[in-house]
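Take a look at the structure below.
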Amino acid sequence: MVDVKNVTKRYDGKRVVHALRGVSFRVETGEMVATMGPSGSGKSTLLNIVGGLDRPSEGTVAIDDTEITSLDDNRLTRLRREKIGFVFQFFNLLPTLNALENAALPLHLAGRSRRDAVARASGLLELVGLKDRLDHLPDELSGGEQQRVAMARALALSPPLILADEPTGNLDSKSGNEILSLFKQLQQQFRTTVIMVTHDPRAAAFCDRTITLHDGQLVTGEE
Amino acid sequence: MLTLLRRVSLAEFRRHLLRNFLTVMGIALGVAIFAATRSANSSLKASLHDTIDRIAGKAVLQASAGQAGLPESALEEVRSVAGVRAAVPVIEAVVRSADSAQGNILILGVDMAGERSMRDYVIEGDEDAISDPLMFLAQPDSLLISGEFAARNNLREDSSIELITAVGNKSFTVRGIMKPQGMARAFGGNIAVMDIYSAQYVFSRGQIFDRIDIAIGEGLKTDEVQRRLEEKLGPGYKVEPPLRRGKQTESLMEAFSHGLFISSIIALTIGLFLIFNAFSVNVTERRVQIGILRALGVTRAQVQGLFLVESLLLGIVGSAAGVVAGMLIGRGMMMFLSQVVEQIHGVQVHMDRLHIDPFWTTASFLMGTAASLVGAWLPARAAGRVDPAVALQKGKYQQLFLGENRRRRWAGLALLAASLTLGATPWANSVRIQVVTFVVLFVSLALLAPTFSHLLAGLLRGPMKLFFGASGQLAADSLIQAPRRTSATVSALMFGLTFVLVMATFSVSVKSSMMRWVDFSINPDLFVYASNSLSARNFQFPASMAGELKQVEGVRQVDSVRILNIEFNDKAPLLVSVETDQYLRRSTPIMEEGRVDDLLTGMMGRNGALISNNLARIHDIHRGEWITLDSPTGRHRFEVVGVQADYTSDNGSIVIDRAVYARLWRDDRVDVYELMLAPGYKPDQVKREIQKRFAASRNVFILTNQDMRGEILRITDQFFILQYVQLMVAILVAILGIINSLMVSITERKREIGILRGLGGERRQVRKAILLEAVCVGLVAVVLGIAGGAIMGYYSVTSFGAAFNGWVFPYQFPAAIALSLIPGVVAVSLLAAWYPSSLALRTPIVEALAYE
């Protein structure tokens with residue numbers, strides 16, 4: 001599913017910062033993989049590159065045999081829309097859209113009809129336990145509820161790959177556990193590949209395996 | 001504070017150079033318009049005073065009888081008054097040279113006998129050989145010209161100049177050239193001196209002087225001599241210091257000056273919104289920074305002070321730039337103003353140098369700076385109140401505004417009610433009350449604008465979502481999400497549009513009333529003028545010319561009309577004398593009080609007056625009441641027999657019978673002959689005939705009825721052009737606000753844009769959302785602008801304008817202009833959004849997502 005080969009990321013400024021140094025790994029379809037490491041190890045950078053939000057300085061990333069690093073912006077955007085779902089630490093919901101509208105947003109962007117988008121989004125929100133919260137705005141939802149909306153949104157277009165950056169980082173332990181359980185459940189139900197960046201060993205415990213980064217290099221978990 | 005400014009503010013200025021530039025431009029434009037208008041106005045007054053002052057010479061008093069002039073016999077009466085050392089008669093007129101390149105020339109007709117006691121003449125050349133230069137002027141075709149005029153036009157002694165006079169084009173010979181000092185510099189140096197009796201002839205004055213200049217004995221009090229002269233001459237005459245005459249002329253232009261002042265204040269006010277907008281967003285953007293500063297020990301007051309100092313610095317830069325720009329555009333405005341003033345009010349001034357009034361220059365600078373501080377006050381206060389704990393927590397600020405400020409809404413409604421109530425009170429006729437009412441109405445709309453803006457944005461959400469999908473919805477949501485930022489932009493544009501519509505309402509309402517009035521009142525087939533300006537009537541015809549005109553084939557009726565400005569209750573209305581029976585035979589006054597049928601018996605041969613509607617309103621006079629008019633034969637009472645709609649003068653008009661005028665004012669001259677033609681005769685044909693007949697003996701300026709209507713419209717349009725120019729600048733300032741606001745919107749919504757891009761939103765979809773947001777801003781602003789324009793336009797034509805010039809026009813909403821604003825504003829909004837949208841798409845997604 002995901003094939004990362006020799007990915008390097010440098011930031012050229014007054015000083016050159018090596019965020020990633022020759023990272024290579026594979027993730028198979030249906031796997032749930034935790035990416036761990038101390039702060040500044042390059043976890044989020046790696047996730048951004050895998051998700052096509054950023055480009056590597058060297059190396060390649062392939063998703064479903066499509067090498068994304070050579071795609072132009074428009075094709076990369078379409079790939080991101082169709083094949084990748086994102087769940088962020090700070091939820092990143094649009095504050096003026098309610099839960100249903102946030103969850104349906106990727107469907108609208110993909111040009112789906114309003115009826116289809118609403119039906120799909122409602123179903124996903126029901127799945128994540130927010131049937132009674134469809135018309136609530138983000139600031140009317142708890143942190144856990146907001147993250148559920150984000151997860152519903154991530155699944156809107158049934159992407160084969162979900163990337164989650166510290167999904168429980170902004171939640172209390174109870175909510176965090178609920179979210180992780182939900183992740184597992186959905187991953188199994190939809191056979192989605194999940195790559196999760198986390199500090200939390202409990203989150204890593206939910207995953208099939210863990211890859212560890214340190215100072216931009218892969219330390220463990222190549223395969 | 002200096003440390004904060006250096007370390008914090010400077011970095012912020014550098015980061016947002018473009019935004020700060022746009023903000024400064026907004027202030028600069030507002031200040032420039034204000035400064036330019038004030039300078040042009042000051043130049044007009046300064047030029048007027050300068051001419052009067054220079055020409056006055058040693059005269060401390062001047063006796064006159066208005067535009068009717070003084071009979072020659074008055075001179076001896078003046079000289080006989082104790083304390084009068086010298087009294088010399090003067091005729092003063094502005095004429096055109098036959099060579100248009102030479103322009104207008106102010107001619108002073110003087111009596112050589114006493115002139116040297118009044119003014120100094122310093123002649124170029126061998127002065128020893130000229131013992132009394134004025135002896136040259138005994139020859140009727142002689143002129144003394146100024147050195148400046150001579151140099152400009154390559155003239156020397158014995159050169160010829162051809163002038164357009166009442167008695168045809170006449171050639172004059174230069175007998176001497178005055179050195180460029182004192183009087184010779186009046187009217188920009190375009191001044192010439194001739195013998196007074198020659199002047200009486202060429203200007204058709206008959207045996208009339210324009211005024212008598214008076215010097216008094218040493219040690220005597222001017223007031224005392226003035227009192228004696230007034231007693232001697234009687235009530236029909238005025239005795240006053242020279243500059244007082246300038247004040248009278250200024251009063252003619254009062255309404256126009258007020259209009260200019262108000263328009264320029266509007267431009268500045270809109271700049272104020274720009275500052276408010278920019279700083280509101282600035283505070284929002286920098287809340288983390290503020291939180292850090294507060295955590296490090298900077299007090300609330302210091303934070304507030306920091307933002308105020310930043311706005312002060314921007315205001316200083318903008319105001320300074322505005323003052324300089326104002327000087328540059330002031331010259332153009334000054335030339336335009338002098339044309340308009342001549343055409344509307346008949347006041348001819350020579351303006352070639354912009355007079356920089358230190359008071360108004362300083363005032364412009366201070367107003368721009370103050371506007372900056374006022375605009376930034378609320379945002380700076382908000383900055384001081386930022387909760388550092390909330391500001392420093394990542395993710396905590398991703399909240400919607402809770403929406404409208406209820407207090408502001410109630411205040412707006414209360415002020416709206418107050419302004420409507422005030423406008424309906426008996427005091428509403430007072431100019432001061434009208435200004436207060438206008439300002440209160442303006443402030444109430446400003447306070448209510450955010451409420452309506454929010455409401456409209458909410459209404460737009462559905463249609464935008466329906467027609468444009470997610471992009472449309474997000475665009476409308478952006479307005480709702482940041483009501484303060486959006487409403488400031490919307491308010492700025494809204495006010496600009498409101499005032500465009502107010503001017504349009506005025507223009508449409510005035511024109512429609514004028515055209516109706518023209519249809520009823522301006523119905524002669526031909527107008528034969530002695531002067532080539534309708535309002536600057538320098539020349540008159542003799543009464544005998546009526547007989548000659550009657551003999552022209554095709555002429556059925558000849559009406560002799562005399563028009564002059566008189567002083568009446570500190571205003572300068574027109575006194576119009578007509579042959580009542582002929583006048584009423586051909587025209588039907590639009591009566592507001594009284595009946596047309598009563599006018600003939602009330603006016604013909606009697607002291608009856610038909611007054612204009614605006615005069616009636618300004619002075620609160622009604623039919624059946626009596627007014628007192630001063631004439632050279634004393635004070636006379638006239639019964640008001642009717643009030644008519646008349647738009648000739650914003651000071652009003654008084655129509656009386658010609659025979660009565662001639663008897664009481666001892667003046668049978670004619671300014672214009674109004675001719676009715678016999679059936680079958682074409683106006684152009686008769687016009688040519690008249691021109692041929694009088695070609696050898698006098699200059700006649702003939703307008704057909706069509707020409708006259710066109711001229712009236714042209715003069716009306718000219719009046720509005722200057723106002724429109726200023727308002728367009730105000731709109732430009734508001735457009736800068738849109739660009740600024742959209743750029744800031746991009747910054748505020750960086751994270752959202754990153755989310756959209758991260759979720760698979762393509763560049764074109766994001767650009768579409770931003771462009772649609774601009775369209776939403778434009779649409780909301782134009783709807784509110786039309787509503788505001790309708791309310792304030794109605795108020796302006798029915799109440800506000802009436803307090804200044806007495807006219808109440810039937811309200812006509814300028815529908816065509818209002819509708820044309822919609823696509824115009826939307827198009828401009830789209831253009832304004834292009835650059836900000838391009839900026840937005842350049843931001844890397846990861847950076848956008850990390851943006852807080």
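Given the structure is predicted, the values throughout are model-derived calculations rather than measurements. First the proteins, then the strands, lettered A, B, ... as listed; each starts at 1.
Of the two parts of E101(A), only the side chain, counted from C-beta on, holds a non-hydrogen atom closer than 4.5 Å to a non-hydrogen atom of chain B. There is no contact between R764(B) and chain A, counting heavy-atom distances below 4.5 Å. In this structure, the portions of L759(B) lying under 4.5 Å from any heavy atom of chain A include both its backbone and its side chain. For chain A, the nearby parts of E762(B) are the backbone and the side chain; heavy atoms of each come within less than 4.5 Å.
Counted within 6.0 Å of CZ on R112(A), heavy atoms from surrounding residues, nucleotides or ligands total 12 or fewer; the atom is thus considered open. The number of heavy atoms from other shown groups lying within 6.0 Å of NE2 (H199(A)) is above 12.
One distance of note links NZ of K465(B) with NE2 of H108(A); it measures 6.0 Å at 0.5 Å rounding. With values rounded to the nearest 0.5 angstrom, I845(B) atom CD1 is found 4.0 Å from R80(A) atom CZ.
Within residues 42-78 of chain A, the residues having any heavy atom less than 4.5 Å from a heavy atom of chain B are, in residue-number order, N48(A), L53(A), D54(A), D73(A), N74(A), T77(A), R78(A).
In terms of heavy atoms, I755(B) sits closest to N92(A) at CD1-O, 3.1 Å.
With chain A as partner, the option from G758(B), G761(B), P844(B) having the largest number of non-hydrogen pairs under 4.5 angstrom is G758(B).
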